[in-house]
2 protein chains.
Amino acid sequence: MALRHAILSALSRGIPKNGYELNAIFNDHDERAWNASPSQVYSELTKMQKLGLIEVSERTERRATNYVLTDDGRAELERWLTQDEPDHTIRDDVVMRLLSMWILDETTARHLIEAEITFQRRRERALRNKLDTSAQLAEDARVWRNRRAVHVLWLAQTATMISWLEGLITILDDPDAPVDDTLAALLSSEPVSSPRA
Amino acid sequence: MALRHAILSALSRGIPKNGYELNAIFNDHDERAWNASPSQVYSELTKMQKLGLIEVSERTERRATNYVLTDDGRAELERWLTQDEPDHTIRDDVVMRLLSMWILDETTARHLIEAEITFQRRRERALRNKLDTSAQLAEDARVWRNRRAVHVLWLAQTATMISWLEGLITILDDPDAPVDDTLAALLSSEPVSSPRA
DNA sequence: CTTGTCATGTAAAAGGTTACATGATTAG
DNA sequence: CTAATCATGTAACCTTTTACATGACAAG
């Protein structure tokens, strides 16, 4: 029941949302706490409505069905946060690939790492842009600060990944390069610059 | 077919493994590229054997069935690495919780963040320990270096997370603290110390 | 008047978890 | 001889993806 809590979380900000808007959130690669396919979102919304966690707030002319949280929905969100243990399970396709990469020849391996660097750089730009442009709108100050903090985390993680991937190319090229020093040095030497800098 | 490639990757190191050993890998919280439940691993192994991706190398007295890669298995691993696009999909329960946390009162929120810091510190210790103790055994040098590099990445990511969580407590306590500066400063000021230091 | 975006679904299949069941071997 | 660990599975259920289908509205 994980998407359920992601939807509750998205609706908890008070702004009514329809399935299409929620899908936009769950498919934005740079707003990446959770993702889901459209069909899953629509069927989950129907289930949640039947359970009384959300209710229809408005039907726009364009046949969009907007939902808001009910009191039960808000209670469930709180229960989840305070009662359920966080799930630290990880399924990281990218790292799995990097772990398997030694079976390839060096040229191919380097190409793959470079492709990943390109991807991460794109993400870095997108996040930096988001931080630079996002102004505090009608939202609650706490909501806004919280979301902004998460974006800073993602930016830092992306920067770490890029430095590390660059180090990986170095140790791939040079079989004598010390793994720990090469990577640890890179990770600490390149500070995360302030998003506005 | 994601677990399939995780298993191919685990067997690609040449050492025959049985279902139980693979399960140990996929359930070790600190060896965390992928995880899976025992029943899933056993049924996937059966399927893979039928498809000819792996074959039984030995049955030990203790009724354990050891598997090794076939040529087809190795080819499939290579095809996956070079032909399939990396899956950058993310489902991060922890970040989703942190994004929703503003609905709680400050005391409860701080407790949750502190619990997460405790968890991350435990992981940091485990990873540091792994890096300190793991010696290069019979394994190929490239395999060993690759795995070690990934451990360094995980250690760096954990360290980033801890610093960030500490910063999050600061901005939670002080509604006037600037989000960007508070977090960005923390992220760049605390370098990842060398694992042997 | 046609293409793109908005908007919502259904059905089938694949991927993954949980609960349960079983039994051998080893360490204390 | 008893508990822990090793070792493998089945069945039911839940979660997620993929492919398909539909149609309104807006912009060019």
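Letters A, B, ... mirror the listed sequences (proteins, then strands); counts begin at 1.
Note on residues 22-34 of chain B: pairs passing salt bridge (charged side-chain N to carboxylate O under 4.0 Å, His left out), not counting sequence neighbours, are B/D28-B/K130, B/D30-B/R122, B/E31-B/K130. Sorted by first and then second residue, the side chain to side chain donor-acceptor pair (under 3.5 Å) pairs with a member in residues 40-52 of chain B read B/R4-B/E44; sequence neighbours excluded. For the ring-ring contact (aromatic ring centres under 6.0 Å, His included) condition, the pairs that include at least one residue of residues 104-129 of chain B, sequence neighbours left out, are A/H88-B/F119. Counting only residues at least two apart or on different chains, the side chain to side chain donor-acceptor pair (under 3.5 Å) pairs with a member in residues 96-106 of chain B are A/S9-B/S100, B/D93-B/R97, B/D105-B/T108. Annotation: side chain to side chain donor-acceptor pair (under 3.5 Å) contacts involving residues 71-85 of chain B, sequence neighbours excluded, comprise B/H5-B/E76, B/E76-B/R79, B/R79-B/D84.
The CD1 atom of B/I171 sits 10.5 Å away from the CZ atom of A/R142 when rounded to the nearest 0.5 Å. Considering CG of B/N129 and NE2 of B/H151, their distance stands at 11.0 Å, rounded to 0.5 Å. Summarising the geometry, atom CH2 belonging to B/W154 is positioned 8.0 Å from atom CG belonging to A/D92; distances are rounded to the nearest 0.5 Å. Rounded to the nearest 0.5 angstrom, A/F26 CZ and A/L22 CG are separated by 5.5 Å.
One can place CG of A/D87 at 18 Å from P of D/dC14, the figure rounded to the nearest angstrom. One interatomic measurement links the two molecules: CG of A/N66 to P of C/dA7, which rounds to 8 Å at whole-angstrom precision. Protein atom CZ of B/R59 is 16 Å distant from nucleotide atom C1' of D/dC6, rounded to whole Å. Atom CG in B/N35 sits roughly 6 Å away from atom P in C/dT17 (whole-Å rounding). As a whole-Å value, the separation of B/W34 CH2 from C/dG15 P is 11 Å. Taking atom NZ of residue B/K17 and atom P of nucleotide D/dC6, one finds them 14 Å apart after rounding to whole Å.
Judged by distance alone, with hydrogens and angles left aside, the side-chain atoms of B/Q120 form no donor-acceptor pair with the main-chain N or O of B/I117 at under 3.5 Å.
Residues passing the side chain to side chain donor-acceptor pair (under 3.5 Å) test with A/D87 are A/T89, sequence neighbours excluded. Partners of A/R13 under the salt bridge (Lys or Arg N to Asp or Glu O under 4.0 Å) rule, at least two apart in sequence or in another chain, do not exist in this structure. For A/S57, the side-chain contact (heavy atoms from CB on, under 4.5 Å) partners are A/P16, A/N66, A/V68, not counting sequence neighbours.
Listed in residue order, the members of residues 37-54 of chain A having a heavy atom less than 4.0 Å from DNA chain D are A/S37, A/S39, A/Q40. Taking every heavy atom of residues 18-33 of chain B and every atom of DNA chain D, pairs under 4.0 Å involve B/N18, B/G19, B/Y20, by number.
Residue B/R91 places at least one side-chain N or O under 4.0 Å from the OP1 or OP2 atom of D/dT17.
When the C1' atoms of four end pairs are superposed on the next four at each end of the helix from C/dC1-D/dG28 to C/dG28-D/dC1, using five pairs per end, the two resulting axes differ in direction by 30°, to 10°.
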Checklist entry - Just by protein heavy atoms under 4.0 Å, how would nucleotides 21-26 of chain C read 5' to 3' in B, S and -? => result --BSBS

